[in-house]
Amino acid sequence: MNIILLGPPGAGKGTQARILVDEHDMVQLSTGDMLREARTSGTEMGKKVAAVMDAGNLVTDEIVIGLIREKLEGGESSGGFIFDGFPRTLAQADALGALLAELDIRLEAVVEMQVDDDALVARITARSTCGDCGEVYNDQTKPIPADGKCSNCGGTEFKRRADDNEESLKTRLMAYYKQTSPLIGYYHAKGNLRSVNGLGEIDDVAGGIKGALDA
Ligand code: AMP
């Protein structure tokens with residue numbers, strides 16, 4: 001099954017994608033992770049997008065479509081692909097449609113994760129991740145274990161994202177409402193939109209997604 005996880009920053013797309021990867025052998029394609037990797041490894045493209053990302057703006061369609069094309073052309077996935085944080089504009093959605101048609105890959109569902117803005121701010125400003133495996137923690141709801149070791153991999157380095165601050169979040173939310181939320185109507189019209197409540201415990205949201213995908 002190939003799916004898109006759609007939702008504002010902090011909706012829990014990455015967390016839920018990781019669960020789907022573990023349970024269904026799916027492959028997570030997160031353009032945010034790919035761009036952060038490009039920055040860390042210091043590629044020309046990574047340097048070019050750094051300031052745009054830190055400010056909370058979207059990088060160009062051309063760059064992210066190129067990244068997705070590379071991954072789809074280069075990799076097989078028996079369990080299917082999870083598009084996480086892509087597409088984020090109508091142009092990206094059109095390009096993805098064309099790319100999937102070209103590669104004969106079927107998009108089964110677009111799962112919209114609904115979360116209100118107050119919850120997003122609270123989640124994002126409290127968020128950190130394991131530097132080794134990417135496990136997501138939250139200062140209030142899922143703190144880093146007292147022994148300082150990641151519960152998933154035992155890693156001891158934890159990071160906060162440079163763009164997880166209130167200033168950048170305002171821009172990211174505005175980008176979501178202006179550029180990404182029209183995709184809800186776009187996929188609704190195509191007939192493969194499923195909406196789930198993204199508030200609540202991680203397992204409950206995972207259950208909601210499972211229900212939506214089984215439906
Ligand atoms: P994310 O990890 O999905 O929250 O993405 C972090 C940042 O990477 C975003 O705020 C954008 O600057 C950039 N980014 C990630 N995915 C995309 C995309 N599909 N289109 C444009 N910019 C993106």
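Ligands are counted one by one from 1 in listed order, and the atoms in each one are counted from 1 as well. Nothing here was measured: the structure is a model prediction, and the numbers come from that model.
Leu67 is not listed as a side-chain neighbour of Leu29, based on a closest heavy-atom distance of 4.5 Å or more.
With sequence neighbours excluded, the residues that form a ring pair (Phe, Tyr, Trp, His ring centres under 6.0 Å) with Tyr137 are Phe158. Every residue two or more places apart in sequence or in another chain was checked for a side chain to side chain donor-acceptor pair (under 3.5 Å) with Lys48, and none qualifies. Applying the side chain to side chain donor-acceptor pair (under 3.5 Å) rule to Glu112 yields the partners Gln114, Ser195; only residues at least two apart in sequence or on another chain are considered.
Electrostatic pairing of Arg172 and Asp164 counts as a salt bridge here, judged by a charged N lying under 4.0 Å from a carboxylate O.
In this structure, a donor-acceptor pair under 3.5 Å is present between the side chains of Tyr177 and Asp117.
Contact residues of ligand 1 (protein heavy atom closer than 4.0 angstrom to a ligand atom; sorted by chain and number): Thr31, Gly32, Leu35, Arg36, Met53, Asn57, Leu58, Val59, Val64, Gly85, Phe86, Arg88, Gln92, Arg161, Asp163, Arg172.
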